[in-house]
Amino acid sequence: MYQVNENGFYGDFGGAYVPEILYSNVENLRKHYLEIINEPGFQAEMDALLRDYVGRPSPLYLANRLSEKYGCKVYLKREDLNHTGAHKINTTIGQILLARRMGKTRIIAETGAGQHGVATATVCALMNMECIVYMGKTDVERQHLNVQKMEMLGATVIPVTSGNMTLKDATNEAIRDWCCHPVDTFYIIGSTIGPHPYPDMVARFQSVISREMKVQLQEKEGRDYPDYILACIGGGSNATGAFYHYLDEPRTKLIAVEAAGKGVDTEETAASIRRGRLGILHGAKIPIMQTKDGQVIEPYSISAGLDYPGVGPLQAALAKTGRSQVLAATDEEALTAAFELTAIEGIIPALESAHALAALPKLTFKPDDVVVVNVSGRGDKDMDTYVKYFNQMNQK
Ligand SMILES: *Cc1c(COP(=O)(O)O)cnc(C)c1O
């Protein structure tokens, strides 16, 4: 019911709005992606890499102290334990295998905080492919460690100096590159965004998260579905992966958590479902934070992975139809949740994932409720931010 239609739409959202020069390229991908990713040989190679290289299945951990605190059973889906520290590797592995089968020799990607850039540079090293990563100059300066990792992995990082020099500008530049090299180049997109078939393709690669959850919950709880799944949303890929096999399971409530920044009603926010208006960005019709004249507003969040000015078409449709409930967590709520998880469970989450955790105190649970929080990544990359606020918040 929530699957993409032939034209790439989920209800009102999605589609493929691409310049003429990319049309045949995107069309070629659309025609072949399902056939390729459903081949037994493709799936065997992908499953082996997910197991032996990424370290899947990621554990589903019953967090006892967190459960006690929120009066229900809280499980954490540990995407933070994946190779490269987040869920993004699930889709970069899938896309590079697809690129190879389509005869592509050159990989491009965009990155904001650098997590997707690192995951892409990693699989390019693994598969011996040329890798070019576009990254806003501001982000290059803010996320220097990830730039160094990408370079050590053999990628070329190109700082983008247009616009605000952040993720949106890096994405524009990657699309421009793709237009110049439509034949040999595969564009690896890091989230459930971009023109059809990207959102569906990324959703399928990330769906391994909920595929594993079903098996793990059956083992631990004797039923394969939870009562709640909580996930943060930037473009929507980790949430989509965590929700995917439960989209048609009415017993499971899906909670998507946006980054409120300083507050959803302030000018410094990344709550693009609440604040967005329908428009076209990066090849898809989605809710976008924009001015009256349709200029994209630079989003703000303490977490670099959540400050995309739009949201992917499936997550937009789930919100609109009421299949998901959309909450928002502020910077401060996310920091509090991150410090809490660290103190009582010994797990330092990514700032993005901390937004999902910050939804726990906003919901009311029954003691038997089974709640899964998708911990999309680990906090190593956020240590500078955590250190800055840790003493400050403990003194309050
Ligand atoms: C990139 C990122 C996100 C946000 O992207 P989605 O596509 O919405 O999942 C969330 N968590 C982590 C750790 C990330 O690196």
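Computed from a predicted structure; not experimentally measured. Indexing begins at 1, ligand by ligand and atom by atom, following the structure's order.
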Sub-3.5 Å N/O-N/O distance, [X] and ligand 1:
X      : result
His87  : yes
Gly236 : yes
Ser353 : no
Lys381 : no
Ala350 : no

Residue-ligand contact Arg378/ligand 1, heavy atom below 4.0 Å = no
Are [X] and [Y] side-chain neighbours, meaning at least one heavy-atom pair lies under 4.5 Å?
X      : Y      : value
Pro287 : Ser272 : no
Tyr246 : Ser210 : yes
Asn238 : Cys232 : yes

Atoms of ligand 1 less than 4.0 Å from [X] heavy atoms?
X      : value
Gly234 : 8 (O)
Cys232 : 10 (C)
Lys88  : 1 (C), 2 (C), 3 (C), 14 (C), 15 (O)
Ser191 : 6 (P), 7 (O)
Gln115 : 15 (O)
Gly377 : 13 (C)

Applying side-chain contact (heavy atoms from CB on, under 4.5 Å) to Glu298 and not counting sequence neighbours gives Asn164, Thr166, Lys168
Specify the protein heavy atom at minimum distance from [atom]: its residue, its atom name, and the distance to 0.1 Å.
atom                    : result
atom 10 (C) of ligand 1 : Glu352 CB, 3.4 Å
atom 12 (C) of ligand 1 : Ser376 OG, 3.5 Å
atom 4 (C) of ligand 1  : Gly305 O, 3.4 Å
atom 6 (P) of ligand 1  : Ser237 N, 3.3 Å

Give the C-alpha distance, both sets of side-chain angles, the deciding distance and a yes or no for side-chain contact (heavy atoms from CB on, under 4.5 Å) between Asp80 and Ile347.
-> CA-CA 9 Å; Asp80 58 313; Ile347 297 170; 3.9 Å; yes
May I ask you to say whether Lys320 pairs ionically with Asp12, meaning some side-chain N is under 4.0 Å from a carboxylate O?
-> yes
Within 45° of the ring axis of Tyr225 and under 6.0 Å from its six-membered ring centre, is that where the NZ or CZ of Lys214 lies?
-> no
Main-chain N/O of Val375 paired with Ser353 side-chain donor or acceptor, under 3.5 Å = no
Aromatic rings Tyr308 and His282: how do their planes relate, parallel, tilted or perpendicular, breaks at 30° and 60°?
-> tilted
Within 6.0 angstrom of Lys362 NZ, more than 12 heavy atoms from elsewhere = yes
